[in-house]
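Note that the structure is a prediction, hence the values are computed from the model and not measured.
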Amino acid sequence: MKKVPVFIVLPIFAVMLTACGTERVEIQNTSMQKTEDVSPLPREENTPENETETGVEEPVEDGGTSSADILITIGGDTKVMASLDDSETSRDFLSLLPLTIDMTRFYDREYAGSLSPASLSRNGEEIDDFENGDVTYYVAGNALAIFFDKETESDQGGLIRMGKITSDLDILINLQGDTQMTITLAEEEGENKMAEYDFSAFTNVEITGADLSAMSEEETAVLYQQAKYCQAMTDADTDTMEELVSEDMVFTHMSGRQQTRDEYFADVEDGSLRYFTIGIDSPVVEVDGDVASVTYTSVLNANA
């Protein structure tokens, strides 16, 4: 059994991860670049045009009472976190979750949407005016109002503050026009994410040294594809491997021998290369725009 340090860079979603640190895995024939490979298994060869250089919330308190974190999903993919206090107003609002609500953008300072036919208790923190980041109940309109900008230009009363946005307010500032928001408890979102990405299905792959529930959905998706490919290696499932590896892939063994994708997969298929179990130890996934990197130690039990 050997341990192999791995560092990979790839376009997220279009490109997934390597075969436990040695092969490029991708979708839609996009390219991936790798900075280093000291694996005893075959590694990829990149063409010059594909090469790149890479380098390696505070909850809101309400008089000492507990708070609840919520996730606001905007338009299906944009996500914003907030923390609510423990007032009766907030508890009434939490009882409505999960909630999908049409939100109107007003004055480039807030998003607001009606809660009717439900209504909330008024037993909460009444405020004379909002601060940027406030999550509030607008009593007169029976509406949820989320303020993100222009606190110094405001004169808005009739609000009960329920909590604060804990994400970067620029996410809301940069949105355009009206939108739909889905609000859930943060822990429920984590449970849903783990149900969508069921790592337990990969019986020959073990991930250690990582808190999967703390990863973002993008990070989880990247790691899931890595685990999926490693499981396919142990199953000699070249159909799945072909889905994730480009046709022009060239694998290079430690001996210097090179193989095309078809040649390498043929060895996996006929047992010349046999993988039994694969461990992914202490994975670190980083996402920067449409590019992701993953670093981990691969523990292999294989007959090569």
J.: Determine, using the 4.5 Å side-chain heavy-atom cutoff (strictly less than), whether Ile127 and Tyr111 are members of one ILVMFWY cluster.
T.: no

J.: Determine the minimum heavy-atom distance between Asp69 and Ser83, stating which atoms define it.
T.: OD1-OG, 3.2 Å

J.: Could you go through Thr277 and Asn204, starting from their C-alpha distance and side-chain angles, then the distance that decides it, and tell me whether this counts as side-chain hydrogen bond (donor to acceptor under 3.5 Å, both in side chains)?
T.: CA-CA 5 Å; Thr277 61; Asn204 297 330; over 6 Å; no

J.: I need the Leu144 CG to Glu110 CD distance, nearest 0.5 Å.
T.: 10.0 Å

J.: So, the side chain of Asp92 versus the backbone of Ser121: is there a donor-acceptor pair under 3.5 Å, distance only?
T.: yes

J.: Distance check, rounded to the nearest 0.5 Å: Leu71 atom CG versus Met181 atom CE?
T.: 11.5 Å

J.: Are Tyr138 and Phe106 linked, directly or through other ILVMFWY residues, by side chains that come within less than 4.5 angstrom of each other?
T.: no

J.: Taking side chain as C-beta onward, heavy atoms only, is Ser95 less than 4.5 Å from Arg91?
T.: no

J.: Would you sort out whether Gln180 and Asp102 count as a side-chain hydrogen bond (donor to acceptor under 3.5 Å, both in side chains), showing the intermediate values?
T.: CA-CA 4 Å; Gln180 189 175 78; Asp102 293 325; 3.2 Å; yes

J.: Given Ser154, which partner from the list Asp129, Asn132, Asp149 fulfils the side-chain hydrogen bond (donor to acceptor under 3.5 Å, both in side chains) test?
T.: Asp129

J.: Is there a donor-acceptor pair closer than 3.5 Å between any side-chain N or O of Asp108 and the backbone N or O of Ile173?
T.: no

J.: Find out if a path of hydrophobic residues (ILVMFWY) with successive side-chain heavy-atom gaps under 4.5 Å connects Ile278 to Phe265.
T.: yes

J.: Measuring from atom CD of Glu131 to atom OG1 of Thr136, what distance do you get when rounded to the nearest 0.5 angstrom?
T.: 12.0 Å

J.: So Tyr264 and Met249, do their side chains get closer than 4.5 Å, heavy atoms only?
T.: no

J.: Has Asp270 got more than 12 heavy atoms of other residues, nucleotides or ligands less than 6.0 Å from its CG?
T.: yes

J.: Classify the angle between the aromatic ring planes of Phe130 and Phe147 as parallel (below 30°), tilted (30 to 60°) or perpendicular (above 60°).
T.: parallel

J.: As an exercise, state the distance from CD of Gln225 to OG1 of Thr220, rounded to the nearest 0.5 Å.
T.: 11.5 Å

J.: Taking side-chain contact (heavy atoms from CB on, under 4.5 Å) as the criterion, tell me which of Leu120, Ile160, Val135 meets it with Phe93.
T.: Leu120

J.: When you look at Ile207 and Tyr296, which way does the side chain to side chain contact (heavy atoms under 4.5 Å, CB included) test go after all the steps?
T.: CA-CA 10 Å; Ile207 299 175; Tyr296 65 93; over 6 Å; no

J.: Looking at CD of Glu286 and OG1 of Thr295, how far apart are the two atoms once the value is rounded to the nearest 0.5 Å?
T.: 6.5 Å

J.: Could you see if Ile146 belongs to whatever hydrophobic cluster contains Leu169? Use Ile, Leu, Val, Met, Phe, Trp, Tyr and a side-chain cutoff under 4.5 Å.
T.: yes

J.: May I ask you to test the Gln226-Phe202 pair for a side-chain heavy-atom distance under 4.5 Å?
T.: no

J.: Is there a donor-acceptor pair closer than 3.5 Å between any side-chain N or O of Glu88 and the backbone N or O of Arg122?
T.: no

J.: For the pair Asp281 (side chain) and Ser298 (backbone), establish whether a donor and an acceptor sit closer than 3.5 Å, ignoring hydrogens and angles.
T.: no

J.: Leu185 and Leu97: which non-hydrogen atoms are nearest, and at how many Å?
T.: N-CD1, 4.1 Å

J.: To check you understand the geometry: which heavy-atom pair defines the closest contact between Gly124 and Thr89, and what is its length?
T.: N-OG1, 3.4 Å

J.: Roughly how far, to the nearest 0.5 Å, is the OH atom of Tyr137 from the CG atom of Leu159?
T.: 11.5 Å

J.: Any heavy-atom pair between the side chains of Val245 and Tyr229 that's under 4.5 Å?
T.: yes

J.: Does a sphere of radius 6.0 Å around CG in Asp288 hold more than 12 heavy atoms from other residues, nucleotides or ligands, not counting ones at 6.0 Å or beyond?
T.: no

J.: Are Thr203 and Thr234 packed together at the side-chain level, in the sense that at least one heavy-atom pair is separated by less than 4.5 angstrom?
T.: no

J.: Between Ser246 and Asp248, does a side-chain hydrogen bond (donor to acceptor under 3.5 Å, both in side chains) hold up when you go through it step by step?
T.: CA-CA 6 Å; Ser246 65; Asp248 60 351; 2.7 Å; yes

J.: Please say whether more than 12 non-hydrogen atoms of neighbouring residues, nucleotides or ligands are located less than 6.0 Å from CD in Glu151.
T.: yes

J.: Please give me the minimum heavy-atom distance between Ile171 and Lys79, naming the atom from each residue.
T.: CD1-O, 4.0 Å

J.: Among Asp85, Asp134, Leu84, find the one that has a side-chain contact (heavy atoms from CB on, under 4.5 Å) with Lys164.
T.: Asp134

J.: Answer whether the closest heavy-atom distance between the side chains of Arg109 and Glu153 falls below 4.5 Å.
T.: no

J.: Pick one: which of Glu243, Arg261, Glu269 meets side-chain hydrogen bond (donor to acceptor under 3.5 Å, both in side chains) with Thr238?
T.: Glu269

J.: Indicate the atoms forming the closest heavy-atom contact of Glu263 with Gln258, along with that distance.
T.: OE1-O, 4.1 Å

J.: List the atom of Ser167, the atom of Met81, and the distance in Å for their closest heavy-atom pair.
T.: OG-N, 2.7 Å

J.: Please indicate whether Asp211 has more than 12 foreign heavy atoms, meaning atoms of other residues, nucleotides or ligands, lying under 6.0 Å from its CG.
T.: yes

J.: Is it the case that one hydrophobic cluster holds both Val139 and Leu96, taking links as side-chain heavy atoms less than 4.5 Å apart, direct or via other members?
T.: yes

